[in-house]
Amino acid sequence: MVVSSSSSYPVQDVLAALRLHQEWGVDELIEDVPWAIWQEEPARPAIGRGGVAPSSSSAERLTAKQETRSLQEAQAALAKAEDPEALLQAGRHIPGVTLARTAKHHLGLHLVKDAPFLLIGDVPNEDEDRHGTLFAGEMGRLLERILASIGMKREQLSCVPAIPWRPPGGQRVSQRELELCVPILHRAIALAQPSRIVTMGATPAWMLLRQEVRLSQLRGRWHEVMIPSMAAPIPLLPLWHPAQLGDNAGRRRHLWADILLLEETLQKEKVR
C-alpha cells in the first residue's frame with residue numbers, strides 16, 4: 001500500500017492516519033514529483049518572449065484567447081453559409097461541440113420555397129440518426145397523420161433539426177453545446193426564409209425563445225422570434241413533439257388544439 005507525502009491536514013490527524021496505514025501495511029511513499037526514469041534529459045520549460053517561461057496563468061489566458069478566436073471564426077463561417085451543404089460543413093467545426101464526431105449522420109435541411117411554415121424538430125432520436133432524416137420511423141408516420149388531419153403533406157414543408165446530431169446513447173445535450181448550436185439553427189432559419197415557424201419539442205422552443213419556462217406554458221399561442229440577418233420578427237408556435245405524447249391524454253388534446261390554431265391561422269392568411 002502507498003500514501004502521498006503531501007498533506008494540508010492538522011498534525012494530529014496526519015499522525016493518526018499514518019498509524020492507521022502502518023497497521024494496514026503501508027510500506028512506501030509516493031513523492032510529489034514523478035520519476036521520469038525513461039526520460040534521457042529533464043523536461044525543459046517552454047520559453048516565451050525575453051527568455052522567460054510563461055506562467056500557467058498566462059498559458060491559460062493564451063488558450064482561452066485561441067478558443068475564443070476559433071469560435072469566432074466558426075461562427076463567421078456559419079453566418080456566411082449560403083446553402084445547406086455549406087452550413088453542414090461549417091457546423092462540423094464548432095469548438096466545444098463533439099456531437100458531430102459521435103453521431104452516425106448529420107441531419108440536413110429540407111427546404112421548400114414558399115412553404116406555409118418551417119417545421120423544426122427536437123434533438124435527433126435513434127431512428128433519425130440511423131436514417132439521417134428528420135422525423136424518421138414511427139414518429140415520422142405519426143407526424144404525417146397529424147398533418148393530414150388539416151389537409152397538409154410533409155413534402156410541402158421546410159424542415160430543419162434543432163441540432164443536427166444525436167448525442168451518444170440519446171443522453172441529454174449539455175447546456176453549453178445547446179448554446180453553441182444556436183447559431184446553426186439561426187442560419188438554417190435564415191436560409192429557409194419562413195413566414196412562420198412551428199417548433200416540436202422543448203429544445204427548439206428554448207433555443208429560439210430563450211424563456212426559462214415549461215413547454216406547457218409556451219404552447220397554445222403564437223410568439224415572435226428575431227433571427228440574426230432577418231429584417232423582421234417571425235411568428236412562432238411551440239408544439240409538443242410526437243415522441244412526447246405517449247398515452248398522455250392531456251398532451252394529445254393540447255397538440256390537437258394547437259394544430260387547429262395553426263390551421264386557422266393559415267386559413268386566415270389565404271383569405272387575405
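Keep in mind that what you see is a predicted model, and the values were worked out from it rather than measured. Position 1 is the first residue of the sequence; numbering continues from there.
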Mind checking what makes side chain to side chain donor-acceptor pair (under 3.5 Å) contact with Ser158, not counting sequence neighbours?
-> none
Exam field: side chain Asp129 to backbone Ala103, donor-acceptor pair closer than 3.5 Å = no
Closest heavy-atom pair, Leu239 versus Leu215, reported as atoms and distance to 0.1 Å, is O-CD2, 3.7 Å
Expected list for residues 223-235: side-chain donor-acceptor pairs under 3.5 angstrom, two or more places apart:
{"unit_1": "His223", "atom_1": "NE2", "unit_2": "Leu218", "atom_2": "O", "d": "2.8"}

Less than 4.5 Å apart, any side-chain heavy atom of Thr203 and any of Met207?
-> yes
Is the shortest distance from a Lys or Arg side-chain nitrogen in Glu269 or Arg196 to a carboxylate oxygen in the other one below 4.0 Å?
-> yes
With sequence neighbours excluded, what pairs up with Gln244 under the side chain to side chain donor-acceptor pair (under 3.5 Å) test?
-> none
For Glu155, what residues pass the salt bridge (Lys or Arg N to Asp or Glu O under 4.0 Å) criterion, not counting sequence neighbours?
-> none
Write out all pairs satisfying salt bridge (charged side-chain N to carboxylate O under 4.0 Å, His left out) with one or both partners inside residues 253-263, taking only residues at least two apart or from two chains.
-> Arg219-Asp258
Any residue meeting side chain to side chain donor-acceptor pair (under 3.5 Å) with His110, in chain and number order, not counting sequence neighbours | none
Sequence neighbours excluded, the answer for salt bridge (Lys or Arg N to Asp or Glu O under 4.0 Å) partners of Arg145 is Glu138
Which pairs, with at least one residue in residues 100-116 and sequence neighbours excluded, count as a salt bridge (charged side-chain N to carboxylate O under 4.0 Å, His left out)?
-> none
Who pairs with Glu73 by salt bridge (Lys or Arg N to Asp or Glu O under 4.0 Å), at least two apart in sequence or on another chain?
-> none
Taking only residues at least two apart or on different chains, which pairs with a member in residues 120-152 satisfy ring-ring contact (aromatic ring centres under 6.0 Å, His included)?
-> Phe135-His241
Which pair of heavy atoms, one from Ile184 and one from Gly91, lies closest together, and at what distance?
-> CD1-CA, 4.1 Å
Applying side chain to side chain donor-acceptor pair (under 3.5 Å), name anything that partners Trp222, two or more places apart in sequence or on another chain.
-> Thr265
Output side-chain donor-acceptor pairs under 3.5 Å for residues 162-175, partner residues at least two apart or in another chain, one line each.
{"unit_1": "Trp165", "atom_1": "NE1", "unit_2": "His106", "atom_2": "ND1", "d": "3.1"}
{"unit_1": "Ser174", "atom_1": "OG", "unit_2": "Glu177", "atom_2": "N", "d": "3.2"}

